Amino acid sequence: MFEHRALTGIRDLVPIQITMDRTLRVKVIDACGMTCVFCHNEGTPVAADNHAQSAGEYGAVGRSGRVSIYLATNGARFAAAPVFPDGMFRTALRELRDALGFEEVHLTGGEPTLHPKLPAIVALAREEGYSVGVTSNGENGARILPDCAKAGLDRVNFSIFGSSPEELAQVQNVRYRSVSLATRKIEALERSIEVAAEEGIDVRANVVVPDHSHVERVHRLLDRYTPRVSLRVLSSLADGDMSLDAIDRLLSEVRAEPQEIHLIAGASGFRVSYRLPSGRLIKAKHIRQVRLPETCARCRFNNLTDCHEGYYGVRLYRDPKGTFHVGVCIQRMDLCLPLDQFLDSAVCSEINKIREQDFHDLTHRSCHL
């Protein structure tokens with residue numbers, strides 16, 4: 001289980017923390033004010049472009065300029081509708097918590113800060129015993145995060161796609177590659193970061209590093225954002241060794257020393273913490289080869305080239321008719337099941353089993369390093 005290249009040479013030098021995956025991702029809204037060319041949109045079609053379409057007719061690119069990169073091959077059967085802080089959502093959180101022991105809700109989109117009822121969604125999840133995090137591009141955070149903080153929001157992961165307007169514009173749909181628009185987006189992001197920190201929310205910044213050309217961008221981000229922001233560099237799933245090489249170069253240039261490895265049993269994501277000479281911590285997030293033993297074994301993408309994320313965890317969606325669906329892979333949205341069917345399915349039992357087995361294997365291996 002320690003086969004990932006990022007662990008080579010350091011796994012026997014630093015402490016290894018092993019926890020079990022207890023996080024439920026919830027897509028609360030599909031709307032977004034950006035048109036990033038690499039967006040997976042949590043596996044679902046862009047709702048604004050597919051109101052009149054049925055399953056099998058969804059378009060991967062439409063008038064909005066937004067994309068859902070896996071849509072052509074992932075078999076999505078519904079478009080996502082907004083989640084509301086109502087009794088049905090409360091029931092879904094309770095049932096999934098009871099079935100799979102979830103302790104954390106991570107709210108995604110689209111862009112969650114565009115949801116007008118986001119504070120009420122946070123409050124409801126907290127009432128059900130969950131800690132709550134959000135992934136955001138920051139475009140509406142300054143307005144809504146103070147109320148989210150009052151409702152009990154624990155943390156925000158800000159996704160940073162460019163350190164300058166020119167960089168951000170370059171990764172947008174060609175029709176929206178406006179430097180002036182990108183300038184406004186970056187200003188909104190920076191204000192959102194300031195507001196979140198002022199409100200006492202744990203602020204984290206996620207930066208994907210596809211190749212060496214992005215290393216200087218991360219240097220600029222390290223210089224720009226204060227130590228109040230925890231920076232996490234992410235390897236690019238589609239760029240493989242080029243991305244890992246670039247992260248290695250970055251860590252060498254900033255003279256980062258490894259401090260801890262955090263493995264999450266039953267999910268593919270893991271993190272390595274590093275300390276800079278200034279004392280600041282940064283983290284590198286990677287993907288290891290975790291698969292659901294039965295579900296993934298039969299998958300056409302189950303190889304080192306085509307499977308980009310492995311088994312990353314459970315995602316909850318709401319469709320336009322109000323039905324909640326549970327998914328286990330954004331590349332295989334045809335595996336999604338309505339919530340009531342999922343709870344009675346072999347997949348639900350399989351998730352519990354893989355978490356226990358992975359935790360046992362990781363702990364046993366760690367003890368014998």
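Just so you know, these numbers come straight off a predicted model, no measurement behind them.
Remark: Arg249 pairs with Glu253 by the salt bridge (charged side-chain N to carboxylate O under 4.0 Å, His left out) rule, at least two apart or across chains. Phe38 pairs by the ring pair (Phe, Tyr, Trp, His ring centres under 6.0 Å) definition with Phe161, not counting sequence neighbours. When the ring pair (Phe, Tyr, Trp, His ring centres under 6.0 Å) test is applied to His286, the partners found at least two apart in sequence or on another chain are His4, Phe270. A search for salt bridge (charged side-chain N to carboxylate O under 4.0 Å, His left out) contacts involving Glu216 returns nothing, not counting sequence neighbours. A search for salt bridge (charged side-chain N to carboxylate O under 4.0 Å, His left out) contacts involving Asp30 returns Lys27, Arg66, not counting sequence neighbours. Considering only residues two or more places apart in sequence or on other chains, Cys307 meets the side chain to side chain contact (heavy atoms under 4.5 Å, CB included) condition with Arg291. Arg275 pairs by the salt bridge (charged side-chain N to carboxylate O under 4.0 Å, His left out) definition with nothing, not counting sequence neighbours.
Here the closest non-hydrogen pair linking Leu124 and Pro85 is CD1-C, 3.6 Å. Taking all atoms of both residues into account, the shortest heavy-atom contact from Phe78 to Met333 is CZ-CE, 4.2 Å. Here the closest non-hydrogen pair linking Ser192 and Ala142 is OG-N, 3.2 Å. Scanning all heavy atoms of the two residues, the minimum distance from Val218 to Leu250 falls at CG1-CD2, 3.6 Å.
Within the 3.5 Å criterion, the main-chain N or O of Phe359 finds a donor-acceptor partner in the side chain of Thr363.
The aromatic rings of Phe89 and Phe324 lie parallel to each other, with less than 30° between the two planes, well short of the 60° mark.
The ring-ring contact (aromatic ring centres under 6.0 Å, His included) analysis of residues 162-220, with sequence neighbours excluded, yields no pairs. Applying the ring-ring contact (aromatic ring centres under 6.0 Å, His included) test to pairs two or more places apart or on separate chains, none has a residue in residues 330-356. Applying the side chain to side chain donor-acceptor pair (under 3.5 Å) definition to pairs two or more places apart or across chains, those involving residues 78-90 are Arg90-Glu127, Arg90-Glu128. Legend: salt bridge (Lys or Arg N to Asp or Glu O under 4.0 Å) pairs involving residues 172-189, not counting sequence neighbours, sorted by first then second residue: Glu139-Lys185. Sequence neighbours left out, the pairs with a member in residues 319-330 that pass side chain to side chain donor-acceptor pair (under 3.5 Å) are Asp319-His325.
Side-chain contact of Glu356 with Asn352: a donor-acceptor pair under 3.5 Å is absent, judged by distance alone.
At least one side-chain heavy atom of Arg126 sits under 4.5 Å from a side-chain heavy atom of Asp154.
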